[in-house]
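Fair warning: this is a prediction, and the values are worked out from it, not measured in the lab. Lettering follows sequence order; numbering is per chain, from 1.
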Amino acid sequence: MTRVVGHFDLDYFYAQVEQIEDPTLRGLPVIVCVYSGRTEDSGVVSTANYAARDLGVKSGIPITVAKNRLKGVEAKFIPMHREKYEAYSERIMLLVRERTDMLEQTGIDEAFFDITSRSGGSFERAKEIGLEIKRQVLQQERLTCSIGLAPNMIVAKLASDYQKPDGLTVVVPEQVKGFMAPMPVDKLYGIGSKSSALMRELGVTTIADLAKADLTLLEGPFGRRLALQLHDAANGTDEQPVVERGEATQLSRIITLKKDSRVVEEILEQLTPAIEDLHKRVIEKRLFFRSISIIGILPNLSVRSRTKTLEKPTAEMSAVRDNGISLLSSLLAETGEIRRVGIKVADLTEASEQSSLADFLR
DNA sequence: CCCTCGATCAC
DNA sequence: CCTCATATCGAGGG
(Lines give C-alpha, C1' and ligand atoms only; values in the text may rest on other atoms or scores of the structure.)
Protein backbone atom coordinates (compact mmCIF):
# COMPACT_ATOMS: atom_id res chain seq x y z
CA MET A 1 0.00 0.00 0.00
CA THR A 2 2.44 2.71 -1.11
CA ARG A 3 1.14 6.24 -0.71
CA VAL A 4 2.13 9.48 -2.38
CA VAL A 5 2.54 12.11 0.30
CA GLY A 6 3.73 15.69 -0.09
CA HIS A 7 5.01 18.48 2.09
CA PHE A 8 4.42 22.05 0.99
CA ASP A 9 6.50 24.89 2.43
CA LEU A 10 6.43 28.57 1.51
CA ASP A 11 9.98 29.95 1.22
CA TYR A 12 11.09 32.51 3.88
CA PHE A 13 7.39 33.31 3.98
CA TYR A 14 7.00 36.57 5.93
CA ALA A 15 10.06 38.13 4.36
CA GLN A 16 8.99 37.05 0.89
CA VAL A 17 5.55 38.61 1.34
CA GLU A 18 7.10 41.91 2.43
CA GLN A 19 9.45 41.73 -0.52
CA ILE A 20 6.81 41.21 -3.20
CA GLU A 21 4.69 44.00 -1.75
CA ASP A 22 7.59 46.43 -1.72
CA PRO A 23 9.82 46.05 -4.77
CA THR A 24 12.39 48.43 -3.28
CA LEU A 25 13.30 45.61 -0.91
CA ARG A 26 14.42 43.38 -3.75
CA GLY A 27 18.05 42.36 -3.55
CA LEU A 28 18.44 43.61 0.02
CA PRO A 29 18.61 41.60 3.23
CA VAL A 30 15.05 41.66 4.61
CA ILE A 31 14.50 40.80 8.26
CA VAL A 32 10.98 40.43 9.65
CA CYS A 33 11.05 41.04 13.38
CA VAL A 34 8.94 40.42 16.48
CA TYR A 35 9.55 43.54 18.54
CA SER A 36 8.81 42.86 22.21
CA GLY A 37 8.53 46.57 23.06
CA ARG A 38 10.79 46.37 26.10
CA THR A 39 13.46 48.56 24.52
CA GLU A 40 13.94 50.03 21.07
CA ASP A 41 15.42 46.88 19.53
CA SER A 42 14.40 44.14 21.96
CA GLY A 43 12.87 41.13 20.25
CA VAL A 44 13.87 38.41 17.84
CA VAL A 45 14.10 37.74 14.15
CA SER A 46 11.06 35.89 12.89
CA THR A 47 12.11 35.38 9.28
CA ALA A 48 15.07 36.47 7.21
CA ASN A 49 15.37 36.26 3.44
CA TYR A 50 18.35 34.50 1.86
CA ALA A 51 20.38 37.69 1.37
CA ALA A 52 20.20 38.10 5.17
CA ARG A 53 20.86 34.42 5.88
CA ASP A 54 24.01 34.60 3.79
CA LEU A 55 25.23 37.21 6.28
CA GLY A 56 24.46 35.07 9.32
CA VAL A 57 21.00 36.38 10.18
CA LYS A 58 18.40 33.69 10.83
CA SER A 59 15.16 33.01 12.69
CA GLY A 60 15.27 33.22 16.44
CA ILE A 61 18.30 35.41 16.97
CA PRO A 62 17.91 38.68 18.88
CA ILE A 63 17.32 41.74 16.70
CA THR A 64 20.32 43.46 18.27
CA VAL A 65 22.56 40.57 17.25
CA ALA A 66 21.16 40.72 13.72
CA LYS A 67 21.87 44.45 13.53
CA ASN A 68 25.43 43.87 14.66
CA ARG A 69 25.95 41.24 11.98
CA LEU A 70 24.65 43.66 9.37
CA LYS A 71 26.65 46.67 10.47
CA GLY A 72 27.59 48.73 7.43
CA VAL A 73 25.19 46.76 5.21
CA GLU A 74 22.03 48.22 3.74
CA ALA A 75 19.28 46.04 5.17
CA LYS A 76 15.58 46.35 5.96
CA PHE A 77 14.18 45.50 9.39
CA ILE A 78 10.41 45.19 9.26
CA PRO A 79 7.93 44.49 12.06
CA MET A 80 5.78 41.51 11.31
CA HIS A 81 2.28 41.95 9.91
CA ARG A 82 0.63 38.75 11.01
CA GLU A 83 -2.83 39.39 9.60
CA LYS A 84 -1.45 40.10 6.18
CA TYR A 85 0.45 36.80 6.15
CA GLU A 86 -2.66 34.99 7.34
CA ALA A 87 -4.62 36.33 4.39
CA TYR A 88 -1.96 35.11 1.97
CA SER A 89 -1.81 31.78 3.75
CA GLU A 90 -5.57 31.25 3.57
CA ARG A 91 -5.70 31.88 -0.15
CA ILE A 92 -2.69 29.68 -0.85
CA MET A 93 -3.84 26.78 1.30
CA LEU A 94 -7.18 26.90 -0.48
CA LEU A 95 -5.35 26.66 -3.78
CA VAL A 96 -3.24 23.70 -2.63
CA ARG A 97 -6.26 22.01 -1.10
CA GLU A 98 -8.08 22.08 -4.44
CA ARG A 99 -5.21 20.23 -6.09
CA THR A 100 -4.77 17.48 -3.50
CA ASP A 101 -6.83 14.65 -2.03
CA MET A 102 -6.21 15.58 1.59
CA LEU A 103 -4.48 18.51 3.25
CA GLU A 104 -3.07 18.75 6.77
CA GLN A 105 -1.97 22.27 7.55
CA THR A 106 0.72 22.32 10.24
CA GLY A 107 1.60 25.98 10.27
CA ILE A 108 0.87 29.30 8.58
CA ASP A 109 3.36 28.46 5.83
CA GLU A 110 3.34 24.69 5.57
CA ALA A 111 1.14 21.68 5.04
CA PHE A 112 1.27 17.96 4.35
CA PHE A 113 -0.89 16.58 1.59
CA ASP A 114 -1.85 13.21 0.14
CA ILE A 115 -2.20 12.75 -3.61
CA THR A 116 -2.17 8.96 -3.75
CA SER A 117 -5.51 8.89 -5.45
CA ARG A 118 -5.15 11.64 -8.02
CA SER A 119 -1.61 10.59 -8.92
CA GLY A 120 -2.76 7.02 -9.32
CA GLY A 121 0.22 6.09 -7.12
CA SER A 122 2.65 7.38 -9.73
CA PHE A 123 5.48 9.64 -8.59
CA GLU A 124 5.83 10.83 -12.17
CA ARG A 125 2.31 12.19 -12.12
CA ALA A 126 2.82 13.40 -8.58
CA LYS A 127 5.76 15.47 -9.76
CA GLU A 128 3.55 17.09 -12.40
CA ILE A 129 0.99 17.95 -9.73
CA GLY A 130 3.75 19.38 -7.54
CA LEU A 131 5.06 21.51 -10.39
CA GLU A 132 1.55 22.67 -11.17
CA ILE A 133 1.02 23.75 -7.56
CA LYS A 134 4.29 25.68 -7.64
CA ARG A 135 3.28 27.36 -10.89
CA GLN A 136 -0.13 28.32 -9.57
CA VAL A 137 1.20 29.75 -6.31
CA LEU A 138 3.74 31.79 -8.25
CA GLN A 139 1.18 33.00 -10.75
CA GLN A 140 -1.57 33.80 -8.28
CA GLU A 141 0.48 35.18 -5.38
CA ARG A 142 3.95 35.76 -6.85
CA LEU A 143 5.44 33.57 -4.13
CA THR A 144 7.87 30.67 -4.41
CA CYS A 145 7.58 27.53 -2.34
CA SER A 146 9.35 24.23 -1.90
CA ILE A 147 7.71 20.84 -2.18
CA GLY A 148 8.78 17.36 -1.16
CA LEU A 149 7.15 14.18 -2.47
CA ALA A 150 7.68 10.82 -0.83
CA PRO A 151 5.89 7.67 0.38
CA ASN A 152 5.23 9.13 3.84
CA MET A 153 5.06 12.35 5.87
CA ILE A 154 8.45 12.09 7.58
CA VAL A 155 10.31 11.70 4.30
CA ALA A 156 8.15 14.28 2.50
CA LYS A 157 9.12 16.83 5.14
CA LEU A 158 12.82 16.03 4.70
CA ALA A 159 12.36 16.25 0.95
CA SER A 160 10.74 19.70 0.95
CA ASP A 161 13.68 20.93 3.01
CA TYR A 162 16.27 19.30 0.75
CA GLN A 163 16.28 21.90 -2.02
CA LYS A 164 15.30 25.39 -0.99
CA PRO A 165 14.15 27.87 -2.01
CA ASP A 166 11.89 27.13 -4.98
CA GLY A 167 12.65 23.41 -4.87
CA LEU A 168 10.84 20.21 -5.74
CA THR A 169 12.34 16.97 -4.46
CA VAL A 170 10.91 13.56 -5.22
CA VAL A 171 11.99 10.57 -3.16
CA VAL A 172 10.60 7.33 -4.55
CA PRO A 173 10.26 4.30 -2.25
CA GLU A 174 13.51 2.70 -3.44
CA GLN A 175 15.42 5.89 -2.59
CA VAL A 176 14.03 6.43 0.90
CA LYS A 177 16.69 4.58 2.89
CA GLY A 178 19.60 6.06 1.00
CA PHE A 179 18.10 9.55 1.08
CA MET A 180 17.65 9.58 4.83
CA ALA A 181 20.65 7.56 5.98
CA PRO A 182 23.39 10.24 6.04
CA MET A 183 21.25 12.97 7.55
CA PRO A 184 21.76 14.02 11.18
CA VAL A 185 18.97 12.67 13.44
CA ASP A 186 17.79 16.13 14.41
CA LYS A 187 16.56 16.64 10.85
CA LEU A 188 13.72 14.29 11.78
CA TYR A 189 10.40 15.94 12.59
CA GLY A 190 10.02 15.60 16.34
CA ILE A 191 13.72 15.59 17.23
CA GLY A 192 14.85 18.92 18.58
CA SER A 193 17.83 19.95 20.67
CA LYS A 194 16.93 17.90 23.77
CA SER A 195 16.24 14.65 21.97
CA SER A 196 19.27 15.22 19.80
CA ALA A 197 21.48 15.45 22.89
CA LEU A 198 19.97 12.24 24.28
CA MET A 199 20.60 10.54 20.95
CA ARG A 200 24.21 11.64 20.97
CA GLU A 201 24.66 10.04 24.38
CA LEU A 202 23.40 6.81 22.89
CA GLY A 203 25.92 7.11 20.08
CA VAL A 204 23.18 7.93 17.57
CA THR A 205 24.12 10.84 15.30
CA THR A 206 22.72 9.98 11.88
CA ILE A 207 19.36 8.63 10.76
CA ALA A 208 21.19 5.46 9.71
CA ASP A 209 22.42 5.07 13.32
CA LEU A 210 18.86 5.45 14.58
CA ALA A 211 17.51 3.00 12.02
CA LYS A 212 19.79 0.23 13.21
CA ALA A 213 19.74 1.18 16.91
CA ASP A 214 18.39 -1.34 19.41
CA LEU A 215 14.78 -0.38 20.11
CA THR A 216 15.05 -1.33 23.80
CA LEU A 217 17.99 1.07 24.12
CA LEU A 218 15.78 3.94 22.96
CA GLU A 219 12.86 3.08 25.23
CA GLY A 220 14.60 4.27 28.40
CA PRO A 221 15.17 7.89 27.42
CA PHE A 222 12.24 8.31 25.02
CA GLY A 223 9.48 6.07 26.32
CA ARG A 224 8.01 3.08 24.50
CA ARG A 225 5.71 4.96 22.16
CA LEU A 226 8.08 7.66 20.97
CA ALA A 227 10.99 5.21 20.71
CA LEU A 228 9.06 3.01 18.31
CA GLN A 229 7.81 5.98 16.34
CA LEU A 230 11.30 7.44 15.88
CA HIS A 231 12.85 4.07 15.08
CA ASP A 232 10.17 3.42 12.45
CA ALA A 233 10.60 6.91 11.03
CA ALA A 234 14.34 6.36 10.60
CA ASN A 235 13.60 3.12 8.79
CA GLY A 236 11.35 4.95 6.36
CA THR A 237 8.26 3.16 7.61
CA ASP A 238 6.08 6.02 8.83
CA GLU A 239 2.42 5.06 8.55
CA GLN A 240 0.81 8.23 9.89
CA PRO A 241 -2.00 9.22 7.56
CA VAL A 242 -2.43 12.80 6.37
CA VAL A 243 -5.49 14.02 8.23
CA GLU A 244 -7.40 17.27 8.13
CA ARG A 245 -6.75 19.30 11.28
CA GLY A 246 -9.84 20.16 13.26
CA GLU A 247 -10.34 23.51 14.92
CA ALA A 248 -7.79 24.55 17.49
CA THR A 249 -8.40 23.15 20.98
CA GLN A 250 -6.64 26.03 22.70
CA LEU A 251 -6.05 29.72 22.14
CA SER A 252 -3.47 31.85 23.87
CA ARG A 253 -1.71 35.19 23.95
CA ILE A 254 1.54 36.00 25.57
CA ILE A 255 3.24 39.32 26.11
CA THR A 256 6.56 40.66 27.34
CA LEU A 257 6.33 43.04 30.30
CA LYS A 258 7.85 46.50 30.04
CA LYS A 259 9.95 45.45 32.99
CA ASP A 260 10.10 42.37 35.19
CA SER A 261 7.43 42.52 37.88
CA ARG A 262 5.74 40.61 40.68
CA VAL A 263 2.92 43.10 41.21
CA VAL A 264 -0.50 41.82 40.10
CA GLU A 265 -1.93 45.27 39.29
CA GLU A 266 1.10 46.26 37.25
CA ILE A 267 1.10 43.01 35.29
CA LEU A 268 -2.66 43.03 34.82
CA GLU A 269 -2.54 46.49 33.30
CA GLN A 270 -0.31 45.18 30.53
CA LEU A 271 -2.07 41.81 30.24
CA THR A 272 -5.59 43.24 29.92
CA PRO A 273 -5.40 44.06 26.21
CA ALA A 274 -4.17 40.52 25.58
CA ILE A 275 -7.04 39.08 27.61
CA GLU A 276 -9.51 41.23 25.68
CA ASP A 277 -8.01 40.20 22.37
CA LEU A 278 -8.10 36.54 23.35
CA HIS A 279 -11.71 36.79 24.41
CA LYS A 280 -12.57 38.57 21.18
CA ARG A 281 -11.11 35.66 19.23
CA VAL A 282 -13.15 33.20 21.31
CA ILE A 283 -16.34 35.09 20.50
CA GLU A 284 -15.48 35.55 16.81
CA LYS A 285 -14.91 31.85 16.47
CA ARG A 286 -18.10 31.14 18.40
CA LEU A 287 -16.33 28.97 20.95
CA PHE A 288 -16.79 27.93 24.56
CA PHE A 289 -13.86 27.10 26.80
CA ARG A 290 -13.63 25.03 29.95
CA SER A 291 -10.14 25.78 31.21
CA ILE A 292 -8.12 28.94 31.75
CA SER A 293 -4.38 29.12 32.26
CA ILE A 294 -1.88 31.75 33.22
CA ILE A 295 1.63 31.27 31.94
CA GLY A 296 4.63 33.04 33.41
CA ILE A 297 8.11 33.25 31.92
CA LEU A 298 10.74 34.01 34.56
CA PRO A 299 13.75 36.28 34.12
CA ASN A 300 15.83 33.13 33.58
CA LEU A 301 13.34 32.18 30.83
CA SER A 302 12.00 29.11 32.59
CA VAL A 303 8.23 28.62 32.29
CA ARG A 304 5.59 28.21 35.00
CA SER A 305 1.84 27.90 34.66
CA ARG A 306 -1.41 27.61 36.59
CA THR A 307 -4.65 26.17 35.22
CA LYS A 308 -8.24 26.27 36.38
CA THR A 309 -10.80 23.88 34.92
CA LEU A 310 -14.44 24.92 35.16
CA GLU A 311 -17.50 22.78 35.86
CA LYS A 312 -18.96 23.58 32.50
CA PRO A 313 -17.90 25.40 29.34
CA THR A 314 -18.47 29.14 29.06
CA ALA A 315 -17.65 32.05 26.79
CA GLU A 316 -17.77 34.71 29.51
CA MET A 317 -15.16 37.44 29.61
CA SER A 318 -15.39 37.45 33.40
CA ALA A 319 -14.43 33.78 33.46
CA VAL A 320 -11.20 34.59 31.65
CA ARG A 321 -10.43 37.73 33.60
CA ASP A 322 -11.40 36.67 37.12
CA ASN A 323 -9.78 33.27 36.94
CA GLY A 324 -6.80 34.84 35.22
CA ILE A 325 -6.32 37.22 38.13
CA SER A 326 -6.47 34.56 40.84
CA LEU A 327 -4.20 32.23 38.88
CA LEU A 328 -1.77 35.09 38.40
CA SER A 329 -1.56 35.85 42.13
CA SER A 330 -1.05 32.19 42.88
CA LEU A 331 1.67 31.93 40.26
CA LEU A 332 3.50 35.06 41.42
CA ALA A 333 3.57 33.77 44.98
CA GLU A 334 5.67 30.90 43.70
CA THR A 335 7.80 32.63 41.10
CA GLY A 336 8.43 36.15 42.35
CA GLU A 337 9.26 38.49 39.45
CA ILE A 338 8.32 37.41 35.96
CA ARG A 339 9.50 38.66 32.57
CA ARG A 340 6.60 37.63 30.35
CA VAL A 341 3.02 36.61 31.00
CA GLY A 342 0.45 34.72 28.98
CA ILE A 343 -3.22 33.81 29.10
CA LYS A 344 -4.69 30.68 27.59
CA VAL A 345 -8.15 29.15 27.21
CA ALA A 346 -8.47 25.48 26.36
CA ASP A 347 -10.90 22.57 26.13
CA LEU A 348 -12.61 24.53 23.41
CA THR A 349 -15.98 23.46 22.03
CA GLU A 350 -18.23 25.05 19.47
CA ALA A 351 -20.96 27.27 20.80
CA SER A 352 -23.51 25.45 18.62
CA GLU A 353 -22.74 22.22 20.44
CA GLN A 354 -23.33 24.04 23.70
CA SER A 355 -26.70 25.47 22.79
CA SER A 356 -27.98 22.24 21.28
CA LEU A 357 -26.83 20.39 24.38
CA ALA A 358 -28.60 22.92 26.56
CA ASP A 359 -31.74 22.47 24.44
CA PHE A 360 -31.42 18.75 24.78
CA LEU A 361 -31.16 18.93 28.55
CA ARG A 362 -34.14 21.24 28.79
C1' DC B 1 -10.54 8.63 35.08
C1' DC B 2 -9.75 13.66 35.76
C1' DC B 3 -6.79 17.49 36.69
C1' DT B 4 -2.42 19.92 36.88
C1' DC B 5 2.16 20.92 35.58
C1' DG B 6 6.42 20.89 33.27
C1' DA B 7 8.99 19.54 29.16
C1' DT B 8 9.53 19.30 24.39
C1' DC B 9 8.81 20.50 19.72
C1' DA B 10 8.40 23.55 15.92
C1' DC B 11 6.26 27.68 13.92
C1' DC C 1 20.08 39.30 24.25
C1' DC C 2 16.19 35.87 24.72
C1' DT C 3 8.93 36.33 20.40
C1' DC C 4 4.73 34.05 20.03
C1' DA C 5 1.37 30.12 19.61
C1' DT C 6 -0.19 25.25 19.59
C1' DA C 7 -0.08 20.35 20.35
C1' DT C 8 1.39 16.37 22.76
C1' DC C 9 3.33 13.51 26.37
C1' DG C 10 4.57 11.76 30.83
C1' DA C 11 4.45 12.15 35.69
C1' DG C 12 2.14 12.78 39.79
C1' DG C 13 -1.79 13.50 42.70
C1' DG C 14 -6.44 12.44 43.73
Worksheet entry | SB check A/Arg290 A/Glu311 (cutoff 4.0 Å) | no

Practice prompt. Report yes if at least one side-chain N or O of A/Thr256 is closer than 4.0 Å to OP1 or OP2 of C/dC4; otherwise report no.
Written response: yes

Discussion item. If you only use heavy atoms from C-beta on, which nucleotide in B/dC11, C/dC2, B/dC5 is closest to the side chain of A/Thr307?
Written reply: B/dC5

Practice prompt. Look at all strands and tell whether A/Leu188 reaches a base, only sugar-phosphate, or nothing, counting heavy atoms closer than 4.0 Å.
Written response: sugar-phosphate

Item to complete: Would you kindly give the NZ-to-P distance between A/Lys344 and B/dG6, to the nearest whole Å?
Response: 11 Å

Item to complete: Could you tell me if the ring centre of A/Tyr162 sits under 6.0 Å from that of A/Phe179?
Response: yes

Worksheet item: Heavy atoms under 4.0 Å, any strand shown: does A/Ser42 hit a base, just sugar-phosphate, or nothing?
Response: sugar-phosphate

Item to complete: Verify the distance criterion only: is there a donor paired with an acceptor across the side chains of A/Thr144 and A/Gln16 at less than 3.5 Å?
Response: yes

Practice prompt. Examine the side chains of A/Arg306 and A/Ser330 and answer whether a donor and an acceptor come within less than 3.5 Å of each other.
Written response: yes

Worksheet entry | Residue A/Glu334, side-chain heavy atoms: nucleotide from C/dA7, C/dC1, B/dG6 that is nearest | B/dG6

Worksheet entry | No-hydrogen, no-angle side-chain donor-acceptor test under 3.5 Å, A/Ser42 and A/Ser36 | yes

Worksheet item: OP1, OP2 of B/dC11 versus side-chain N and O of A/Lys157: anything below 4.0 Å?
Response: yes

Worksheet item: Quick one: do A/Glu18 and A/Lys76 make a salt bridge, cutoff under 4.0 Å?
Response: no

Worksheet item: If you measure only the distance, is there a donor-acceptor pair under 3.5 Å linking the side chains of A/Asp9 and A/Ser160?
Response: no

Worksheet item: When the nearest nucleotide of DNA chain B is assigned to A/Tyr189 and to A/Val303 on a heavy-atom basis, which residue is associated with the more 5' position?
Response: A/Val303

Discussion item. Please convert DNA chain C into dot-bracket. A pair counts if it is Watson-Crick or G-U wobble with both distances under 3.5 Å; crossing pairs go in [ ] and bases paired with another strand get |.
Written reply: ......||||||||

Worksheet item: Side chain of A/Thr309: nearest nucleotide among B/dT4, C/dA7, B/dG6?
Response: B/dT4

Discussion item. Counting only side-chain nitrogens and oxygens, does A/Arg340 get under 4.0 Å of the OP1 or OP2 atom of C/dC4?
Written reply: yes

Worksheet item: Under 4.0 angstrom, heavy atoms only, what part of the nucleic acid is A/Ser195 near: base, sugar-phosphate, or nothing?
Response: sugar-phosphate

Worksheet item: Are any of the side-chain nitrogens in A/Asp166 or A/Lys134 under 4.0 Å away from the carboxylate oxygens of its partner?
Response: yes

Response to the item:
note: A/Phe77, atom CZ; C/dC1, atom P; distance rounded to Å ~ 16 Å

Discussion item. It should be established whether A/Arg306 places a side-chain nitrogen or oxygen under 4.0 Å from OP1 or OP2 of nucleotide B/dT4.
Written reply: no

Discussion item. OP1 or OP2 of C/dT6 versus the side-chain N and O atoms of A/Arg245: is any pair under 4.0 Å?
Written reply: no

Item to complete: Let me know the distance between CG of A/Asp9 and P of B/dA10, rounded to the nearest Å.
Response: 13 Å

Worksheet item: Looking across every strand, which nucleic acid part, if any, lies under 4.0 Å from A/Arg38 by heavy atom: base, sugar-phosphate, or nothing?
Response: nothing

Worksheet item: Is there a donor-acceptor contact under 3.5 Å linking the side chains of A/Glu316 and A/His279?
Response: no

Discussion item. Classify A/Val44 by what it touches in the nucleic acid, base, sugar-phosphate, or nothing, heavy-atom distance under 4.0 Å.
Written reply: base

Item to complete: Write down the distance between CG (A/Asp109) and C1' (C/dA5), rounded to a whole number of angstrom.
Response: 13 Å

Practice prompt. Select base, sugar-phosphate, or nothing to describe what A/Ile255 touches, counting heavy atoms under 4.0 Å on all strands.
Written response: sugar-phosphate

Discussion item. With a cut-off of less than 4.0 Å, is there a side-chain N or O of A/Arg82 near OP1 or OP2 of C/dC4?
Written reply: no

Discussion item. Classify A/Leu226 by what it touches in the nucleic acid, base, sugar-phosphate, or nothing, heavy-atom distance under 4.0 Å.
Written reply: nothing

Worksheet item: Within this structure, what is the CD-to-C1' distance between A/Gln105 and C/dT6, rounded to whole angstrom?
Response: 13 Å

Worksheet entry | Distance, nearest 0.5 Å, that separates CZ of A/Arg125 from CZ of A/Arg118 | 11.0 Å

Response to the item:
Assert: residue with more 5' nearest nucleotide on DNA chain C, out of A/Pro62 and A/Arg225, is A/Pro62

Practice prompt. Determine the contact category for A/Gly223: base if any of its heavy atoms lies under 4.0 Å from a base atom, sugar-phosphate if only primed atoms, P, OP1 or OP2 are that close, otherwise nothing.
Written response: nothing

Worksheet item: Does B/dG6 have OP1 or OP2 sitting under 4.0 Å from an N or O in the side chain of A/Ser305?
Response: yes

Practice prompt. Could you check whether A/Ile63 gets within reach of a base, just the sugar-phosphate, or nothing at all, counting any heavy atom under 4.0 Å?
Written response: nothing

Worksheet item: With a 4.0 Å cut-off on heavy atoms, is A/Ser291 in touch with a base, just the backbone sugar-phosphate, or nothing at all?
Response: nothing

Item to complete: Could you check how far CG of A/Asp161 sits from P of B/dA10, rounded to whole Å?
Response: 12 Å

Worksheet entry | Gap between atoms CD1 and P, on A/Ile254 and C/dC2 respectively (whole Å) | 15 Å

Worksheet item: Looking across every strand, which nucleic acid part, if any, lies under 4.0 Å from A/Ser59 by heavy atom: base, sugar-phosphate, or nothing?
Response: nothing

Worksheet item: Whole Å only: how far is the CG atom of A/Leu348 from the P atom of C/dA7?
Response: 8 Å

Worksheet item: For C/dT6, does OP1 or OP2 lie under 4.0 Å from any side-chain N or O of A/Ser252?
Response: yes

